[in-house]
Every structure is written in structure tokens, then in C-alpha cells.
Amino acid sequence: MQRKIIIDTDPGQDDAVAMLLALASPDEFEILGIVAVAGNIGIEWTVKNACKIIELSGRTDVRCYAGCERPMRRVLVTAEHVHGKTGLGGTDLPEPTSRLGPQHGVDFIINRLLAEAPGTITLCTLGPLTDVAMALVKAPAIGPRIREIVMMGGAFSEGGNITPAAEFNIYVDPEAADIVLASGVPITMLPLDVTHRVLTTQARLDRIAGLGNRTGRTIGAMIDFSQRFDLEKYGWQGAPLHDPCVIAYLLRPDLFAGREINVSVETASPLTRGMTVADWWRVTDRPPNVNFIREADAGGFYDLLTERLARLP
């Protein structure tokens, strides 16, 4: 049975791979829409990139909506140093021809949640949580109607990837993350702890690039560009592939493992802004609010990713 999903994203190469994994899985997902938010790059580029990836997939039945252009209370921090000045460095995809949805992305999220039966829509967040938090603030009645939020964000044992304490998505808009984590909505978090276990080794990347389709070649070029930063930073044999973990978890939850814990977000300290304080050892009396994933079967993950991407043009 198809799961109804809305993807909120800030493409970004790994966001693009996550989108393509979802777009290649029509039996499992009814994608109600894709909302682009400012994050890895400014909104003008994330919107354009989301449309480019939709058109690359051939799934032009899926519509894109423009979300928030800045965090709730902060100046936007972007990551061109990783993703390139367009956000999709390494590729030269044609200008998109598809038209954006007529609503603001926040209003689209609200209206679809109110229109569909309660408990039927999953929100898949691949970037900062600004759009989802704004929707919850603007229309609190949507909270109980959300089936689940599955997010890429946060960290525990891995520290941060934009500061020593914070993962990028949470750092960009910690106030939004705080609202979402306090919302009472069921949440599954795919943090750096698990994304750092699914590395794009050269053999895995060659397998995708060698699929013989345009999608595989494009992903190969994109990841080859973005992974240079991480390979130099970490000194590993491969770079983390963050955002596709969200979609892979929904397709194959058996590939992942974690447990229910409390996660809170630091919003006040300049030193630890955006830190996700994960009570993994349950040393506080704060109630669990997150299914916090820390383990993944990397081989199974890449087998799934490669099999699905082979279906695309």
C-alpha cells in the first residue's frame, strides 16, 4: 500500500539522491508534493534544483512548491563550500520547464494535511525544519493529523558537521527544530550517527555511475563533486550520504536500528547553537519524543539505492 508523503528539501546533491530514490518508488510512495526550503543554498536555487531533479526522474506528475527563504529567527547560513555555488555542483542539468505550485510551500503542507484523512501523511524532511515549524505555528491543528515526521538531522556521538556541536540542518534553524521536536508528532530522526555509516566508497559510486542511465551518470558526477569536501575533512574511504537515509528508512526500516529517546535542541548558546542533546542513556526524566536511529546496514542500503535508481531514465 502506498504511503502518502510530502518531501521538504534543500537540494544539495544528497537531497537530490533522496528525491530520486523516492521518485523511483511509485509502488511505495504517493508523493503529494515536494517543497523546497532555503538551506544548503538560497531558495532561488533550491527551488530550481528540486524542479531539475523532478524532470531528470521523468516524474513530472509531481509538483514543486517554494517554501521559506530564511530561518524563523536567524540569518541564513548556507553550504556552498560543500555543494557548489548552484547547490548541484558537478552537474549541468537543463533549466527546468515545470511550473511551481501556486501556493507557498507552508500553505501547501497545511492544506494537504487538512484535506487528507488524519494519520495518512508522512513528512520527509531533508533540510532545515523551517517550513514544517511554520506550518505547525500557523495551523496547530495539523499536528495530530501528521502520521510521522522522518527527518535527516542532528547528531549524538558524531558531534557536528558545521560546528563542533551541531549538524547543519538543525544549526541553520534551531528554533524550528525546537518547535518540531516539542510538537508531539511521532518523529524518526536519521542523525549523523547513522549517515556516517553509509559511505559512498568508490566501488559503490562506480556501481551507480555505471548503471547505464542518465540518472546514474548524473548522480556519479554530483557525488564525485560533493564528496571531495568530506573525504578531505574525515580522511575516510568514502563520504557520508545523508538525506537518502530518510527515504531508505521508509522503504526498508529493517536496514536500520535505534530506540526511543528524548532529544532537545540548544537555541541559546552561541557555542553550541543547534546541538541536539540526545538522552541516549536515559539519564533524565524527559519523556521520549524521537525514534533516534544509530545503526544501518550499509550494504543493504546501497543495494536498495542502486536497484531503485536503475529504474529511472
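Note that the structure is a prediction, hence the values are computed from the model and not measured.
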message: If I compare all heavy atoms of L251 with all of R308, which pair ends up nearest, and what's the gap?
response: CD2-NH1, 3.8 Å
- request: For residues P240 and L199, determine if any side-chain heavy atom of one lies less than 4.5 Å from a side-chain heavy atom of the other.
  value: yes
task: May I have the step-by-step check of side-chain contact (heavy atoms from CB on, under 4.5 Å) for D8 and L123, ending in yes or no?
output: CA-CA 7 Å; D8 195 281; L123 303 182; over 6 Å; no
field: Heavy atoms from other residues, nucleotides or ligands near CG of D92 exceed 12 (cutoff 6.0 Å)
entry: no
message: If I take atom CD from residue Q13 and atom CZ from residue F225, how far apart are they, to the nearest 0.5 angstrom?
response: 6.5 Å
field: OG1 on T46 to CD1 on I34, rounded to 0.5 Å
entry: 12.0 Å
Inter-residue atom distance F156.CZ - L192.CG, 0.5 Å rounding: 13.0 Å
- prompt: Sub-3.5 Å donor-acceptor pair from the side chain of R70 to the main-chain atoms of A38, do we have one?
  reply: no
- prompt: Without hydrogens or angle criteria, can the side chains of S157 and D193 be said to hold a donor-acceptor pair below 3.5 Å?
  reply: yes
message: On a heavy-atom basis, which atom in K52 and which in P96 lie closest, and how many Å separate them?
response: CG-CD, 3.8 Å
- line: In terms of heavy-atom contacts, A296 and V194 come closest through CB-CG2, 3.5 Å
task: Answer yes if the side chains of Y249 and N291 hold a donor-acceptor pair under 3.5 Å, and no otherwise.
output: yes
message: My understanding is that only one of N49, T9, I53 makes a side chain to side chain contact (heavy atoms under 4.5 Å, CB included) with D15; could you say which?
response: T9
message: Regarding D303 and R207, does a basic nitrogen lie under 4.0 Å from an acidic carboxylate oxygen?
response: yes
query: NZ of K233: more than 12 outside heavy atoms within 6.0 angstrom?
result: yes
task: For the residue pair L211 and T306, establish whether any side-chain heavy-atom pair is separated by less than 4.5 Å.
output: yes
- prompt: Would you call F168 and V82 a side-chain contact if the rule is heavy atoms closer than 4.5 Å?
  reply: no
Main-chain N/O of A298 paired with R197 side-chain donor or acceptor, under 3.5 Å: no
- request: Group every Ile, Leu, Val, Met, Phe, Trp and Tyr by side-chain heavy-atom contacts under 4.5 Å, then state whether I293 and W280 land in the same group.
  value: no
message: Test: side-chain hydrogen bond (donor to acceptor under 3.5 Å, both in side chains). Region: residues 111-121. Which pairs qualify, not counting sequence neighbours?
response: R112-E116
task: Indicate yes or no: at least one non-hydrogen side-chain atom of V180 is less than 4.5 angstrom from one of V185.
output: no
- request: Heavy atoms only: give me the nearest S98-E55 pair and the separation to one decimal.
  value: N-OE2, 2.7 Å
message: If we count only N and O atoms by modelled type, under 3.5 Å, do the side chains of T188 and E148 hold a donor and an acceptor together?
response: yes
message: Whether the side chain of N289 engages the backbone of L181 through a donor-acceptor N/O pair (distance < 3.5 Å, no angle test) should be reported.
response: yes
field: Any side-chain donor near an acceptor of the partner, D173 and T130, under 3.5 Å
entry: yes
query: For the hydrophobic clusters of this structure (ILVMFWY residues joined by side-chain heavy atoms under 4.5 Å, transitively), does one cluster hold both F256 and I149?
result: no
- prompt: Cluster question for you: counting only ILVMFWY and a side-chain heavy-atom cut-off of under 4.5 Å, with indirect links fine, are V265 and M72 together?
  reply: yes
Trace of the side-chain contact (heavy atoms from CB on, under 4.5 Å) decision for L136 with I142: CA-CA 7 Å; L136 287 165; I142 68 173; 3.9 Å; yes
- request: Over all heavy atoms of both residues, which pair between C124 and L250 is shortest? Give the atoms and the distance, please.
  value: SG-CD1, 3.5 Å
M222 CE: over 12 foreign heavy atoms closer than 6.0 Å: yes
- prompt: Quick check: does any side chain N or O of S269 sit under 3.5 Å from a backbone N or O of L271, one acting as donor and the other as acceptor?
  reply: yes
query: Taking D243 for the side chain and M152 for the main chain, is one N or O donor matched with an acceptor at less than 3.5 Å?
result: no
- prompt: What closest approach, in Å, do I54 and T60 show between heavy atoms, and which atom pair accounts for it?
  reply: CG2-CA, 4.2 Å
message: So, taking the atom named CD in E158 and the one named OG1 in T195, what distance separates them when rounded to the nearest 0.5 Å?
response: 7.5 Å
query: Is M134 reachable from I170 through a run of I, L, V, M, F, W or Y residues, each pair having side-chain heavy atoms under 4.5 Å apart?
result: yes
field: Side chain to side chain, C68 and H104, heavy atoms closer than 4.5 Å
entry: yes
- request: Please answer whether the main-chain N or O of V172 pairs with a side-chain N or O of R74 as donor and acceptor at a distance below 3.5 Å.
  value: no
- line: CZ of F301 to CZ of R252, rounded to nearest 0.5 Å, is 12.0 Å
- prompt: In terms of heavy-atom contacts, does CD of E44 have more than 12 from other residues, nucleotides or ligands at under 6.0 Å?
  reply: yes
task: Mind running side-chain contact (heavy atoms from CB on, under 4.5 Å) on I208 and T200 for me, showing each step along the way?
output: CA-CA 10 Å; I208 293 171; T200 54; over 6 Å; no
field: Residue pair T201, Y302: steps toward the side-chain contact (heavy atoms from CB on, under 4.5 Å) verdict
entry: CA-CA 10 Å; T201 63; Y302 279 96; over 6 Å; no
statement: Taken to the nearest 0.5 Å, the spacing of D10 CG from I41 CD1 works out to 9.5 Å
query: In the single-linkage hydrophobic clustering (I, L, V, M, F, W, Y; side-chain heavy atoms under 4.5 Å), do V150 and V35 co-cluster?
result: no
- prompt: When you check the gap from the basic side-chain N to the acidic O, do K85 and E80 get nearer than 4.0 Å?
  reply: no
message: I'd like to check L305 versus L241 (side-chain heavy atoms, cut-off strictly below 4.5 Å). Are they in contact?
response: yes
task: Indicate yes or no: at least one non-hydrogen side-chain atom of Q227 is less than 4.5 angstrom from one of Q202.
output: yes
- prompt: Under a 4.5 Å cut-off applied to non-hydrogen side-chain atoms, are N262 and P288 in contact?
  reply: no
- request: Fit a plane to each ring of H196 and Y234, take the angle between them on a 0 to 90° scale, and name the class: parallel (under 30°), tilted (30 to 60°) or perpendicular (over 60°).
  value: perpendicular
